[in-house]
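To start, the structure under review is shown below, and the notes come after it.
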Amino acid sequence: MRLAGPESAVTAEPRARKYKCGLPQPCPEEHLAFRMVSGAANVIGPKICLEDKMLMSSVKDNVGRGLNIALVNGVSGELIEARAFDMWAGDVNDLLKFIRPLHEGTLVFVASYDDPATKMNEETRKLFSELGSRNAKELAFRDSWVFVGAKGVQNKSPFEQHVKNSKHTNKYEGWPEALEMEGCIPRRSMAS
């Protein structure tokens with residue numbers, strides 16, 4: 001004789017709901033959800049996700065050693081262009097040509113991979129500072145850096161992380177840990 005009872009007493013663990021780009025909570029109205037990860041050593045490339053769209057990653061094959069930069073329209077949230085700039089063996093003038101002509105309200109997402117700073121000169125550091133970076137002036141060989149800034153920003157960006165390359169604190173032999181940052185960026189209004 002079989003006793004009647006709950007046929008499937010196995011209950012699934014409630015899964016944490018994930019929102020755009022894997023954020024733990026949704027962004028408010030008129031905000032853009034983002035998550036970025038710097039490269040890990042010279043092995044795992046960086047990732048930049050915005051509004052559930054992967055803008056840059058190893059899978060998309062559009063990242064490289066140095067600075068990985070995605071330019072985004074701050075009103076619509078649409079990708080304008082994404083490029084990697086080799087800051088070890090590349091030409092810093094390519095980077096300058098990319099970031100000098102930015103329009104007011106353009107969002108700039110930056111994720112380092114391997115070496116972000118060897119080819120940086122005074123002008124590139126100044127331009128990133130004008131986009132809201134606190135750390136661009138101190139960036140050095142093999143530092144890890146993630147940053148979101150904007151052309152025409154009035155204050156320093158709240159979206160920036162930096163870890164110095166230090167043999168005493170490096171997580172990987174010769175490299176600091178990868179950085180991960182997520183958040184909600186207010187959309188620019190058409191008038192600003």
Side-chain angles (χ1 to χ4, degrees), residues 21-23 27 31-41 44-51 53-57 62-74 77 79-88 90 92 94-165 175-188:
C21 293
L23 268 61
C27 287
H31 283 66
L32 302 168
F34 79 93
R35 174 187 300 265
M36 349 175 17
V37 185
S38 69
I44 301 168
K47 293 182 189 137
I48 301 174
C49 175
L50 181 70
E51 286 292 289
K53 289 187 205 102
M54 195 57 73
L55 304 183
M56 297 188 84
S57 72
N62 65 349
V63 295
R65 173 173 72 182
L67 296 176
N68 295 273
I69 302 176
L71 303 180
V72 172
N73 178 312
L79 177 67
I80 298 167
E81 191 173 357
R83 285 192 47 202
F85 298 91
D86 187 337
M87 300 308 288
W88 172 255
V92 73
D94 295 339
L95 172 60
L96 289 168
K97 286 178 199 151
F98 190 69
I99 60 175
R100 271 188 199 128
L102 295 180
H103 296 289
E104 195 80 11
T106 300
L107 297 173
V108 181
F109 293 78
V110 184
S112 69
Y113 182 28
D114 191 335
D115 177 26
T118 296
K119 292 281 178 134
M120 261 200 192
N121 60 17
E122 201 51 45
E123 184 181 358
T124 53
R125 293 173 189 278
K126 182 176 182 283
L127 286 168
F128 282 119
S129 294
E130 289 170 359
L131 294 170
S133 173
R134 289 179 179 82
N135 301 118
K137 288 190 181 343
E138 294 87 46
L139 277 182
F141 177 67
R142 288 188 178 169
D143 286 1
S144 287
W145 183 46
V146 287
F147 166 68
V148 183
K151 178 75 175 187
V153 72
Q154 301 304 313
N155 304 309
K156 293 298 177 194
S157 171
F159 302 115
E160 184 173 30
Q161 292 181 21
H162 174 223
V163 175
K164 293 290 271 170
N165 170 24
W175 280 273
E177 66 186 300
L179 293 172
E180 191 168 336
M181 183 170 64
E182 63 187 35
C184 303
I185 299 168
R187 284 184 192 264
R188 301 292 287 242

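These figures come from a predicted structure and were not determined experimentally.
- Ser112 places none of its side-chain heavy atoms less than 4.5 Å from the side chain of Arg142.
- Residue Lys151 comes nearest to Arg100 through the heavy atom pair NZ-O, 4.3 Å, listed as atom of the first residue, atom of the second, then distance.
- With sequence neighbours left out, the salt bridge (charged side-chain N to carboxylate O under 4.0 Å, His left out) criterion links Lys126 to Glu130.
- Annotation: side chain of Leu95 is in contact with side chain of Met87 (closest heavy-atom distance under 4.5 Å).
- With sequence neighbours excluded, no residue satisfies salt bridge (charged side-chain N to carboxylate O under 4.0 Å, His left out) with Glu138.
- In summary, of the residues considered (Ser133, Pro116, Ser38), a side chain to side chain contact (heavy atoms under 4.5 Å, CB included) with Phe147 occurs for Ser133 alone.
- By the 4.5 Å heavy-atom criterion applied to side chains, Leu96 and Thr124 are counted as neighbours.
- Using a 4.5 Å heavy-atom threshold, the side chains of Pro46 and Met56 count as separate.
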List the atom pairs, with distances to 0.1 Å, where a side-chain N or O of residues 62-70 and a protein N or O form a donor-acceptor pair under 3.5 Å, not counting sequence neighbours.
{"residue": "Asn62", "atom": "OD1", "partner": "Ser57", "partner atom": "N", "Å": "3.0"}
{"residue": "Asn62", "atom": "ND2", "partner": "Leu55", "partner atom": "O", "Å": "2.9"}
{"residue": "Arg65", "atom": "NE", "partner": "Asp86", "partner atom": "OD1", "Å": "3.2"}
{"residue": "Arg65", "atom": "NE", "partner": "Asp86", "partner atom": "OD2", "Å": "3.3"}
{"residue": "Arg65", "atom": "NH2", "partner": "Asp86", "partner atom": "OD2", "Å": "2.9"}
{"residue": "Asn68", "atom": "OD1", "partner": "Gly64", "partner atom": "N", "Å": "2.9"}
{"residue": "Asn68", "atom": "ND2", "partner": "Gly64", "partner atom": "O", "Å": "3.0"}
{"residue": "Asn68", "atom": "ND2", "partner": "Ala111", "partner atom": "O", "Å": "3.3"}

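- With a 4.5 Å cut-off on side-chain heavy atoms, Phe85 and Lys119 do not count as touching.
- Inter-residue side-chain proximity for Leu71 and Val108 is flagged as met; some heavy-atom pair is nearer than 4.5 Å.
- With a 4.5 Å cut-off on side-chain heavy atoms, Leu107 and Phe34 do not count as touching.
- Between Trp88 and Phe141, the angle of the ring planes lies from 30° to 60°, which puts this pair in the tilted group.
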